Amino acid sequence: MTKNLVIYFSRPGLNFVGGDIRFLDKGNTETAVEYLLNEIDADVFRIETVTKYSEDYYECTNEAKAEKKLGIKPELIRYLSDVSGYDDIFVCGPCWWSTFPMAVYAQLEKLDLKGKRIHPLMTHEGSGLGHSEEDLKKYCPGAEIEPGLAITGSHVGESLDSIRNWIASFKV
């Protein structure tokens, strides 16, 4: 039987939603992950940074941009060290500057993902998956990067069917 793991980063608070800045009690990615977990049996690992990103949306985007530009990966509160017991790994997060937040890559680079199937799920407000699938190939050498799913954050509440169809396309 296939064993699944969901690794995700999500940021509540002030977010860009449908053209406006709005406060979200729960980040869009976390909502998508909840839908995903209703459809598959999986263990879950939430990525959390030691230094929190700014509460201010615009300042947070500047922090994320600087991390990406400089290749800085923030320190995480805890790290997964072994994924040998998993076959399929769902990597989930928001699209920040056309890819996953650097916090996601801080976790992935600590793992041996050879032979694993990686399923990217990304929430966004217009940029889709960006170049996250290509970036995952760099951070997950030897893994099989499966076609990802991009969910518009402002429509995450209506994404259950999309998530179901995506899962059905590869049957974990």
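The shown structure was predicted, so the numbers you read here are calculated from the model rather than taken from an experiment.
- Under the 4.5 Å side-chain contact rule for hydrophobic residues, Leu24 and Leu36 do not share a cluster.
- Between the Glu75 side chain and the Thr51 main chain, no donor and acceptor come within less than 3.5 Å of each other.
- Listed for the Lys26 side chain is no donor-acceptor partner under 3.5 Å among the backbone atoms of Thr31.
- Taken together through direct or relayed side-chain contacts under 4.5 Å among Ile, Leu, Val, Met, Phe, Trp and Tyr, Phe170 and Met122 form parts of separate hydrophobic clusters.
- Counting non-hydrogen atoms of neighbouring residues, nucleotides and ligands closer than 6.0 angstrom, the NZ atom of Lys65 reaches no more than 12 such neighbours.
- In this structure, the side chains of Gln107 and Phe45 come closer than 4.5 Å at one or more pairs of heavy atoms.
- By the rule that hydrophobic residues join a cluster once side-chain heavy atoms approach within less than 4.5 Å of another member, Phe90 and Leu136 end up as members of separate clusters.
- Without hydrogens or angle criteria, Tyr35 side chain to Gly157 main chain gives a donor-acceptor distance under 3.5 Å.
- Panel note: side chain Lys110, backbone Tyr79; no donor-acceptor pair is recorded below 3.5 Å.
- Closest approach of Thr123 and Ala32 over heavy atoms only: CG2-CB, 4.3 Å.
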Test log, rule side chain to side chain donor-acceptor pair (under 3.5 Å), inputs Ser84 and Asp82: CA-CA 6 Å; Ser84 60; Asp82 181 26; 2.9 Å; yes
Step-by-step side-chain contact (heavy atoms from CB on, under 4.5 Å) determination, Asp88 to Tyr86: CA-CA 6 Å; Asp88 289 273; Tyr86 299 98; over 6 Å; no
Audit row: Arg164, Asp161, side-chain contact (heavy atoms from CB on, under 4.5 Å) steps and yes/no: CA-CA 5 Å; Arg164 281 184 180 146; Asp161 285 341; 3.7 Å; yes
Stepwise side-chain contact (heavy atoms from CB on, under 4.5 Å) check, Ile89 with Val91: CA-CA 6 Å; Ile89 299 174; Val91 176; 4.2 Å; yes
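- A donor-acceptor pair is defined here as one N or O able to donate and one able to accept, closer than 3.5 Å; no such pair exists between the side chain of Arg78 and the backbone of Glu48.
- Using a 4.5 Å heavy-atom threshold, the side chains of Thr99 and Val104 count as separate.
- Using a 4.5 Å heavy-atom cutoff, the side chains of Glu55 and Leu14 are not in contact.
- In this structure, the side chains of Tyr139 and Leu113 stay at 4.5 Å or more apart for every pair of heavy atoms.
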Would you tabulate the side-chain donor-acceptor contacts of residues 143-154 under 3.5 Å, counting partners in other chains and residues two or more places apart, or write 'none'?
unit_1, atom_1, unit_2, atom_2, d
Ser154, OG, Glu125, OE1, 3.2
Ser154, OG, Glu125, OE2, 3.4

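- We find the CE-CD1 distance between Met102 and Ile47 to be 12.0 Å, quoted to the nearest 0.5 Å.
- In terms of hydrophobic clustering, with Ile, Leu, Val, Met, Phe, Trp and Tyr side chains grouped at heavy-atom distances under 4.5 Å, Leu5 and Tyr105 are assigned to a common cluster.
- Cys60 and Arg11 make their closest contact through SG-NE, 3.3 Å (heavy atoms, listed as atom of the first residue, atom of the second, distance).
- Proximity of Phe100 to Asp135: side-chain heavy atoms (C-beta onward) are nowhere separated by under 4.5 Å.
- In this structure, Ser132 OG and His124 NE2 are separated by 10.0 Å, a value rounded to the nearest 0.5 Å.
- Rounded to the nearest 0.5 Å, atoms CZ (Phe9) and CH2 (Trp96) are 4.0 Å apart.
- The side-chain heavy atoms of Tyr58 and Ile21, taken from C-beta on, include a pair separated by under 4.5 Å.
- In this structure, OG in Ser81 is found 11.5 Å from CG in Asp112, a value given to the nearest 0.5 Å.
- Side-chain contact between Leu121 and Trp166 is present, with heavy atoms from C-beta onward closer than 4.5 Å.
- When each of Asp43, Leu80, Ile118 is paired with Ile7, the side-chain contact (heavy atoms from CB on, under 4.5 Å) condition holds for Leu80 and for no other.
- Between the CG atom of Asn4 and the NE2 atom of His119 there is a distance of 7.0 Å, given to the nearest 0.5 Å.
- No hydrogens or angles considered: nothing links the side chains of Ser127 and Ser98 as a donor-acceptor pair under 3.5 Å.
- Under a hydrophobic clustering in which Ile, Leu, Val, Met, Phe, Trp and Tyr are joined whenever their side-chain heavy atoms come within less than 4.5 Å, directly or via other members, Leu129 and Tyr8 fall into different clusters.
- When side chains are defined from C-beta on, Asn28 does not count as touching Pro94, because their heavy atoms never get closer than 4.5 Å.
- Here the side chain of Lys73 pairs no donor or acceptor atom with the backbone of Glu109 at under 3.5 angstrom.
- Using modelled atom types, one side-chain atom of Glu63 and one backbone atom of Ser54 make a donor-acceptor pair closer than 3.5 Å.
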